[in-house]
Amino acid sequence: MNRKLLIGKPVSENIKKSLVEKINSLSKKNIIPKLAAILVGDNPASKIYVKSKYKTFIKFNCQSEIHHFLNDSNENDICDLISRLNKDKSTHGILLQLPLPLHLNSKRILDSIDPNKDVDGLHPMNLGRLLQGNPNFIPCTPYGCLEILRYYKINVKSKHVVVIGRSNLVGKPIAALLSQKFDIGNSTVTLCHSQTKNLSKYTKMADVIIVAVGIPAMLKSNMVKKDAVVIDVGINRVDDDSQKGYHIIGDADYSSLINKVSSITPVPGGVGPMTITMLLNNTIASAEKTII
Ligand code: NDP
């Protein structure tokens, strides 16, 4: 196994194989896992993500529906829909695509999702359970990072992991997960953010760096020690002269790091493919819980 490039596809394919068996066995009990995705506004990236989640669910013989609200939608209307979806027995997962337009209170809307259908793992009850070491749903992107580490047999036990970025979506949950007494865990974790002074001081000490900041190529090779492992969560659009008008790069400066690190996730093709797979995984897990 090539452990230099931590490519997401084989990890994702491997997990999907076991999910197909679960979907088939649920189908014999007349249960079809169903995801309801809520999209608000016209953010082009959000539209692409929601569509791609929809397509994946359909491809795997699961159900998916997209509830699209206009940019100037009212918070109460979104909460009303969530309340209906919470009660709907055929819906196993509810996903609120972030970010929301600024006039909306994401926290209030996320909190209104039934924790047992919160397949993105962002409800306070699910984040709290994760902190307790007893997770219900693990947020999809951090979960995807763990599965990459597991598949490529990257040992994180007793290693120093530096996480850059402290969002509820990525940074905080991955830091909490890796510090747990889990099989992929038992790391010593340092959590850095925009107010961290002298970031390089921490990253240079790290055996593993997980970068999730949203700044193109911010992690440079002079910030890491030789043979470190880099997990790059970033997805940044950079304008260019191509037909598409842009290309995607990560938060790590891949071309300078590739000759120094022992392993690195490419962007695109590293963590990216894992997020939807773990969403499918969580929605299937939610559907399985409905079996009495
Ligand atoms: P947020 O904008 O919510 O959080 C960014 C974090 O980075 C914040 O904690 C911020 O600190 C920190 N930060 C910003 N600038 C610096 C800096 N110069 N030095 C150190 N820390 C800094 O982003 P997300 O966590 O939602 O996403 C991060 C990246 O991951 C994005 O590129 C996003 O597109 C990508 N992403 C990829 C996914 C995937 O499927 N692969 C899924 C989700 C996100 P502070 O808290 O102080 O502001």
Side-chain angles (χ1 to χ4, degrees), residues 6-9 11-12 15 37 39 43-53 55-56 95-102 106-107 110 119-122 127 137-149 161-178 189-206 209-220 222-224 230-239 246-254 264-282:
L6 309 175
I7 296 170
K9 198 167 173 197
V11 192
S12 156
I15 294 171
L39 173 67
N43 181 318
S46 293
K47 277 181 165 174
I48 293 171
Y49 292 146
V50 166
K51 202 169 160 193
S52 149
K53 286 165 187 171
K55 279 189 183 163
T56 303
L95 172 122
L96 179 69
Q97 186 64 45
L98 299 172
L100 294 180
L102 290 176
S106 334
K107 187 182 171 315
L110 282 172
V119 285
D120 227 2
L122 298 178
L127 286 173
F137 294 114
I138 298 176
C140 301
T141 302
Y143 201 172
C145 295
L146 291 192
E147 291 303 319
I148 287 181
L149 293 168
V161 178
V162 168
V163 178
I164 319 175
R166 59 175 163 186
S167 71
N168 289 337
L169 193 62
V170 188
K172 277 193 257 183
I174 193 79
L177 283 161
L178 288 173
V189 179
T190 302
L191 182 57
C192 299
H193 45 75
S194 69
Q195 303 306 306
T196 300
K197 278 195 185 134
N198 195 358
L199 180 64
S200 289
K201 182 177 115 187
Y202 301 98
T203 53
K204 276 181 189 161
M205 289 193 294
I209 301 171
I210 301 182
V211 58
V213 295
I215 301 176
M218 67 92 72
L219 184 73
K220 308 285 182 200
N222 62 1
M223 296 169 73
V224 309
V230 173
I231 306 290
D232 187 355
V233 180
I235 300 179
N236 306 291
R237 273 186 188 213
V238 177
D239 293 342
Y246 67 91
H247 63 282
I248 300 289
I249 68 167
D251 290 344
D253 185 13
Y254 180 87
I264 185 167
T265 55
V267 177
V271 175
M274 296 305 300
T275 300
I276 298 185
T277 302
M278 301 329 292
L279 180 67
L280 190 61
N281 176 82
N282 285 355

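Both counts, for ligands and for their atoms, begin at 1 and track the order of listing.
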- For I164, the ligand 1 atoms whose distance to one of its heavy atoms is below 4.0 Å: 20 (C), 21 (N)
- Heavy-atom gap M274 to ligand 1 smaller than 4.0 Å: no
- Query: What residue and heavy atom of the protein are closest to atom 19 (N) of ligand 1, and at what distance?
  - Reply: M218 CE, 3.7 Å
- Message: Heavy atoms only: which of H193, M278, R237 lies closest to atom 21 (N) of ligand 1?
- Response: H193
- Which part of T275 is near ligand 1, with near meaning a heavy atom under 4.0 Å away: side chain, backbone, both or neither? side chain
- Heavy-atom nearest neighbour in the protein, as seen from atom 48 (O) of ligand 1, with distance rounded to 0.1 Å: S194 OG, 3.7 Å
- Item | N236 neighbourhood, listing ligand 1 atoms whose heavy-atom distance to it stays under 4.0 Å | 32 (O)
- N236 side chain vs G250 backbone, donor-acceptor pair below 3.5 Å: yes
- With heavy atoms and a 4.0 Å threshold, my read on which part of L98 contacts ligand 1 is neither
- Query: To the nearest 0.1 Å, how far is atom 46 (O) of ligand 1 from its closest protein heavy atom, and which atom is that?
  - Reply: R166 NE, 2.7 Å
- Task: Scan residues 268-279 for pairs that pass side chain to side chain donor-acceptor pair (under 3.5 Å), counting only residues two or more places apart or in two chains.
- Result: S12-T277, T141-T275
- Are more than 12 heavy atoms from other residues, nucleotides or ligands located less than 6.0 Å from atom CG of L102? no
- Message: Test of understanding: with side chain to side chain donor-acceptor pair (under 3.5 Å), list the residues that count as partners of K201, not counting sequence neighbours.
- Response: none
- Output the list of atoms in ligand 1 that are nearer than 4.0 Å to some heavy atom of L169, sorted by atom number. 26 (O), 43 (C)
- Look at the side chain of S167 and the backbone N and O of V170, then say whether any donor-acceptor pair between them is shorter than 3.5 Å. yes
- Message: Regarding atom 29 (C) of ligand 1: of the candidates C192, G214, P273, which has the closest heavy atom?
- Response: G214
- Give the residue, atom name and distance (to 0.1 Å) of the protein heavy atom nearest atom 25 (O) of ligand 1. S167 OG, 2.5 Å
- N/O donor-acceptor pair under 3.5 Å between T203 side chain and M223 backbone: yes
- Item | Closest approach of any protein heavy atom to atom 44 (C) of ligand 1, naming residue and atom | V170 CG2, 4.0 Å
- Item | Closest to atom 5 (C) of ligand 1 (judged by heavy-atom distance), picking from V213, I215, V233 | V213
- Query: Is there a side-chain contact between V119 and N281, using heavy atoms and a 4.5 Å cut-off?
  - Reply: no
- Task: Report yes if the side chains of M205 and V162 come closer than 4.5 Å at any heavy-atom pair, otherwise no.
- Result: no
- Going by the 4.0 angstrom heavy-atom rule, the piece of T141 near ligand 1 is side chain
- Message: Just so I know, are the side chains of D232 and Y254 near enough to count as touching, which here means a heavy-atom distance under 4.5 Å?
- Response: no
- Query: So, do L149 and I231 sit near enough that their side-chain heavy atoms are less than 4.5 Å apart?
  - Reply: yes
- Output yes when the distance from some N or O of ligand 1 to some N or O of I235 is under 3.5 Å, and no in every other case. yes
- Verify the contact flag for atom 27 (O) of ligand 1, where contact means a protein heavy atom under 4.0 Å away. no
- Message: Is it true that, when you exclude K220 itself, more than 12 heavy atoms of the residues, nucleotides or ligands shown sit nearer than 6.0 Å to its NZ?
- Response: yes
- Task: Assess A212 for proximity to ligand 1: is some non-hydrogen atom of it under 4.0 Å away?
- Result: yes
- Message: Quick check on T196 - does any of its heavy atoms sit under 4.0 Å from an atom of ligand 1?
- Response: no
- Just by distance, do the side chain of D251 and the backbone of V213 share a donor-acceptor pair under 3.5 Å? yes
